[in-house]
There are 2 protein chains.
Amino acid sequence: MTTNRQWIFANTPQGALTEATFRWQETPMPQPGDGEVLVRTRMLSLDPANRAWMNGATYREQVLPGDVMHGFTLGEVVASNVPDFAPGDLVDSMGGWQDYAALPAAALVKRNRRHTPELLIGVLGVTGLTAYHGLFDIGEPRPGDVVLVSAAAGAVGTIVGQLARLAGCRVVGIAGGQAKCDWLVRELGFDAAVDYKAADFHKQLRVATPNGVDVYFDNVGGVCLDAALLAMNLGGRIVCCGAVSQYDTGATGGSPLLPGVVVTKRLRMQGFIVLDYAAQQDQAEARLAGWIESGAVRSILDIVDGLENAPASLIRLLAGGNLGKMAIRVS
Amino acid sequence: MTTNRQWIFANTPQGALTEATFRWQETPMPQPGDGEVLVRTRMLSLDPANRAWMNGATYREQVLPGDVMHGFTLGEVVASNVPDFAPGDLVDSMGGWQDYAALPAAALVKRNRRHTPELLIGVLGVTGLTAYHGLFDIGEPRPGDVVLVSAAAGAVGTIVGQLARLAGCRVVGIAGGQAKCDWLVRELGFDAAVDYKAADFHKQLRVATPNGVDVYFDNVGGVCLDAALLAMNLGGRIVCCGAVSQYDTGATGGSPLLPGVVVTKRLRMQGFIVLDYAAQQDQAEARLAGWIESGAVRSILDIVDGLENAPASLIRLLAGGNLGKMAIRVS
């Protein structure tokens, strides 16, 4: 009998996440019921939002103690009781932190097998689509605009920066530590990058954006958002994609500049969830695939082998220890 | 020789505004130079923004100690050295807290003498245009939407609520004290009004908005913005018009819900300044005038006679002691 290895969400963390939040469990592989498909996890996506799901309802249900830890996965169909799916199909789903999941067909999205699992979970997955729709549909960059992005060395940030360059913008990244900043400029073509952990962060940002900021793509909230609010030009757009700085620390946003500066600078702060753009997924995916194939956009991956490493890897992600898209290669 | 009575901005207030911020002065009436027009103040507009101008640069220059206190005025031309203006013309300008100002023609906007000074300074002035453009161009209400407005019994709020009713929306006001709340429902046709000073404010708001809020017109920031963020529906719009709660107290905004809830609820928070809509002023003014004439919109005025009462009146305004548009009848 085949074993299904699982990470159980054991208890709600108080403060920063630790491995004690999770409990390892081995159970028999599930059997698909009527209308269900048995999916084997190939890649497990690790995302800062995973941490937010533990704190309460967000744009989706809360993770509750006792659940197999929720997670977005790229899987391969191994058995199917529905005509639309066949063994060998690659599928997106909320498969969770486990080897196998038996899921209703409606919970699966079939992916193009022409692409590698690494691309499908990254640039051609939720990560890339988040960058694409957030930047273009919410940020509305024009050539010559200055685009600032926080968590610039992360999964979404690395793509946002490259897409903004394609759109003819000057691109400035915010990242933690000089090494990441240097890497963004040297390897990804950012025009500049500034270190939010540095004592002279605000000064670095002013030097890097002498003409202000037109679009700020915010993945983190907190001190980066505050600094961006000070740098924004009149009529600037703030893409509210995430608030990572608040997820793991209990720190609150609480910018003293809000909402006053939104009025005086006529800013637009707008949130979005990539799921809202499902109808445009095929077009966005085709464009991203074309840019990957032409070399115009690079896929930056931080892949860890082995489901057993998921908790430590999520902890590293939340501490900013990744470069690019982090995922677990499960099988 | 005619005297020009003036209130000088004597010193920058620390904390809440007091009359000691201002100094009374009498000087000779100025003479208009080449290209200038001599304007006599008829009505002096008092606005919460006057207080923000004392704290630093906003969307305009800071008021500096020694200045005649800045203020928006409706004036009458008494002498003119330019062909476009003649004695008797009514003009908008930043005439300040004084009887007379000699101003360059470019600083004046001629108004339609068909309307009373009270309408021109209120519903047909900056106040009404702020409500009109903020609600329709930023809030984008649709029939059936729930529109929430703070400082609902104030100059802008009383108009926003009435315009939202015309747009087929359910209108809920936030005001300070039960008397104002009752007045909004009884006299202005609000569907409900809630008292932000009440201990059960959040509960009142939940009862008044069982289906959530689609458009929040924010004049105040602070606790009202926080409560609105909790009540917003997915895809809701927040019109950032002002942050009165921060102007007079040094209190900071600092909502712990920002920016996280903007992401999860896909909100749009957008600021604006009515001056950005100058090109559409004639159309907006014509519509507002039509609604006033038909009785669809009521002009709510809190007019105080005498320039000498300007400081005490601004202090009362900042404390929420007004109903509707506050202005000083100077002459």
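Numbered from 1 within each chain, the chains take letters A, B, ... in sequence-line order.
A side-chain donor-acceptor contact under 3.5 Å links B:Asp226 and B:Ser255. Side-chain contact, A:Thr158 with A:Lys325: no donor N or O sits under 3.5 Å from an acceptor N or O. For the residue pair B:Tyr196/B:Ser150, the side-chain donor-acceptor check at 3.5 Å is not satisfied.
Between chain B and the options A:Asp218, A:Asp276, A:Leu225, A:Ile138, the largest number of non-hydrogen pairs under 4.5 Å is found for A:Asp276. Heavy-atom pairs under 4.5 Å with chain B were tallied for A:Lys265, A:Arg268, A:Arg237; the largest tally goes to A:Arg268. Chain A forms more heavy-atom pairs under 4.5 Å with one residue of B:Gly242, B:Gly235, B:Cys241, B:Ala49 than with any other, namely B:Cys241. For the set B:Ala243, B:Cys240, B:Gly260, the entry with the most heavy-atom pairs within less than 4.5 Å of chain A is B:Cys240.
Contact of the A:Leu163 side chain with the A:Leu288 side chain is registered, since non-hydrogen atoms from C-beta on lie closer than 4.5 Å.
Proximity to chain A involves both the backbone and the side chain of B:Ile273, based on heavy atoms less than 4.5 angstrom apart.
One distance of note links CZ of A:Arg206 with CG of A:Leu230; it measures 9.0 Å at 0.5 Å rounding.
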